[in-house]
Structure formats: C-alpha cells, structure tokens
Asker: 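This is the structure, below, for whatever I ask next.
Residues take their numbers from the sequence shown, with the count starting at 1.
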Amino acid sequence: PSFPFWVLLPVGAILAGFFGVLLGAPTLRLRGDYLAIVTLGFGEIVPIVFNNVPYFFGPVGISSLPPGDLGPISFSNPSFPAPFYYLALGIVVLIILAVLSLRGSSLGRAWVAIREDETAAASSGVNLVRTKLLAFGLGATVGGIGGVMNAAFTTSITPKDFSFNISITI
C-alpha cells in the first residue's frame with residue numbers, strides 16, 4: 001500500500017516517539033557511557049531484527065516507496081533536489097523553534113536540572129521518570145521525522161541504511 005507523505009510524516013514521528021519511550025523505559029537507571037553503550041546496542045539489534053524478519057522483506061528492505069511530493073512538485077527527483085531542500089529546511093526551522101521554546105519552559109528547566117544534578121532535581125519536585133521518558137520520546141520523534149524525510153527522498157529503506165558506521169558518523 002502507498003500512503004501520502006503528509007500522512008506518513010506524523011505517523012512516523014509518533015511511532016518513533018513511542019519506540020523511543022519503549023527504549024528509554026528500561027534504561028532509565030543508566031547514566032553517561034553506559035547509556036550510550038546500551039543505545040548503540042539497540043541500534044545494532046534493530047537492523048538485525050529487520051534483516052531476519054520476513055515481514056520486512058529481509059535484506060531487500062522496503063523499496064518502491066511512493067515519492068514524496070508537494071502537490072504538483074515531486075521532491076524525490078535527484079536531478080532537481082531544490083524542493084526537497086526547501087521542505088527539509090522548513091522542517092528543520094520548525095524543529096529548532098520548537099526546541100528553543102522548550103528551553104524556557106518548565107520541561108526544559110527540568111531537563112537542565114536533571115543534567116546538572118539528578119538528586120537535587122528530584123528533591124526539588126521534578127518527576128525524573130516522566131521527564132527522562134519525555135526526553136527519549138521527543139528525541140526519537142525528531143529522529144522519526146528525519147527517517148520519513150530520508151525514506152521520501154530515497155524511496156527505499158533497507159537494513160544496510162542503519163549500520164554501525166552510520167551511527168558513529170552521525
């Protein structure tokens with residue numbers, strides 16, 4: 001089945017946020033390097049699962065995705081990538097504005113308090129579990145938006161697209 005890009009964008013963001021919360025829940029007690037190691041470990045597990053589950057077509061992945069478009073303008077044309085660039089630029093600007101508005105909010109101040117000292121943040125009334133899970137979920141949501149943009153531009157997704165080398169590069 002093919003779905004319009006504008007339907008897949010929020011669906012991909014919501015699904016990624018949901019799985020970000022699922023990943024974040026068991027790792028809440030980890031800090032620093034251990035959290036990074038577990039996150040990279042999950043990043044290695046996911047492509048292996050998608051490579052071996054027949055429902056996701058294994059190493060072939062999902063190809064022939066419908067190209068994204070802006071009405072009559074297709075932004076999956078590699079010879080003319082300007083529409084995709086402007087769409088991606090607009091989405092990045094919106095995400096930056098959302099993050100800047102979060103910075104001054106009570107949630108942003110709670111994140112700063114947790115970053116500086118978890119014990120002091122907890123004693124001042126910050127719900128550590130909820131706040132950390134929101135951080136995981138919002139981070140994954142932004143990643144999901146990037147994933148939908150990637151899929152719309154390349155029109156295919158394979159497990160090779162998510163290798164360890166790409167994680168390290170990013």
Side-chain angles (χ1 to χ4, degrees), residues 3 5-53 55-56 61-62 68 84-154 157-170:
F3 299 99
F5 170 76
W6 299 108
V7 170
L8 291 178
L9 191 64
V11 169
I14 291 168
L15 280 174
F18 173 73
F19 283 106
V21 170
L22 281 181
L23 168 67
T27 61
L28 284 178
R29 294 184 179 185
L30 301 176
R31 296 182 191 184
D33 294 339
Y34 298 110
L35 179 62
I37 290 169
V38 168
T39 304
L40 287 173
F42 275 109
E44 281 298 299
I45 292 169
V46 170
I48 291 170
V49 168
F50 280 97
N51 212 7
N52 293 317
V53 174
Y55 179 75
F56 298 110
I62 301 171
F84 179 78
Y85 169 77
Y86 290 121
L87 176 69
L89 183 65
I91 289 175
V92 166
V93 166
L94 288 175
I95 289 172
I96 288 173
L97 290 174
V99 168
L100 288 176
S101 69
L102 271 175
R103 180 190 288 175
S105 70
S106 61
L107 179 61
R109 289 191 301 274
W111 283 336
V112 171
I114 289 173
R115 180 188 68 201
E116 297 300 325
D117 187 358
E118 281 190 30
T119 307
S123 64
S124 66
V126 174
N127 185 343
L128 295 179
V129 173
R130 181 182 64 93
T131 309
K132 285 182 176 182
L133 285 178
L134 275 171
F136 269 97
L138 288 175
T141 298
V142 172
I145 291 170
V148 170
M149 295 291 292
N150 179 40
F153 189 70
T154 61
I157 299 288
T158 64
K160 286 189 301 186
D161 295 337
F162 305 100
S163 68
F164 182 70
N165 291 335
I166 293 173
S167 296
I168 295 298
T169 302
I170 291 173

Asker: Okay, side chain of Arg109, backbone of Gly104: is any donor-acceptor separation there less than 3.5 Å?
Answerer: yes
Asker: Is there a donor-acceptor pair closer than 3.5 Å between any side-chain N or O of Asn52 and the backbone N or O of Ile48?
Answerer: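 Yes; judged by distance alone, with no hydrogens or angles, the pair exists.
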Asker: For a quick test of reading the model, state the closest non-hydrogen atom pair linking Ala110 to Val126 and the distance between them.
Answerer: CB-CG1, 3.9 Å
Asker: Which heavy atom of Ser105 sits nearest a heavy atom of Leu102, and at what distance?
Answerer: OG-O, 2.7 Å
Asker: Step by step, would you call Phe84 with Met149 a side-chain contact (heavy atoms from CB on, under 4.5 Å)?
Answerer: CA-CA 9 Å; Phe84 179 78; Met149 295 291 292; 3.5 Å; yes
Asker: Can you tell me how far CG of Leu128 sits from CG of Leu133, rounded to the nearest 0.5 angstrom?
Answerer: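 It is 10.5 Å, given to the nearest 0.5 Å.
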Asker: Run the side-chain contact (heavy atoms from CB on, under 4.5 Å) test on Val99 and Val142 for me, step by step, so that the C-alpha distance in whole Å, both residues' side-chain angles and the decisive distance to 0.1 Å come before the verdict.
Answerer: CA-CA 10 Å; Val99 168; Val142 172; 5.7 Å; no
Asker: What closest approach, in Å, do Val38 and Leu30 show between heavy atoms, and which atom pair accounts for it?
Answerer: CG2-CD1, 3.3 Å
Asker: List the atom of Ile145, the atom of Ala13, and the distance in Å for their closest heavy-atom pair.
Answerer: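 Heavy atoms only, the tightest pair is CG1-CB, 3.7 Å.
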Asker: Going from CG on Leu40 to CD1 on Ile45, what distance comes out if it is rounded to the nearest 0.5 angstrom?
Answerer: 11.0 Å
Asker: Does anything in residues 113-129 form a side chain to side chain donor-acceptor pair (under 3.5 Å)? List the pairs, not counting sequence neighbours.
Answerer: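 Sorted pair list: Arg31-Glu118, Glu118-Lys132.
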Asker: Which atoms form the tightest heavy-atom contact between Gly137 and Thr141, and what is the distance?
Answerer: O-OG1, 2.7 Å
Asker: Could you check Phe19 against Val46 for side-chain contact (heavy atoms from CB on, under 4.5 Å), going step by step and ending with a plain yes or no?
Answerer: CA-CA 11 Å; Phe19 283 106; Val46 170; over 6 Å; no
Asker: List the atom of Trp111, the atom of Thr131, and the distance in Å for their closest heavy-atom pair.
Answerer: NE1-O, 3.0 Å
Asker: Mind checking what makes ring pair (Phe, Tyr, Trp, His ring centres under 6.0 Å) contact with Phe50, not counting sequence neighbours?
Answerer: Phe56
Asker: Checking side-chain contact (heavy atoms from CB on, under 4.5 Å) for the pair Thr27/Thr39: CA distance, chi angles, key distance, verdict?
Answerer: CA-CA 9 Å; Thr27 61; Thr39 304; 6.0 Å; no
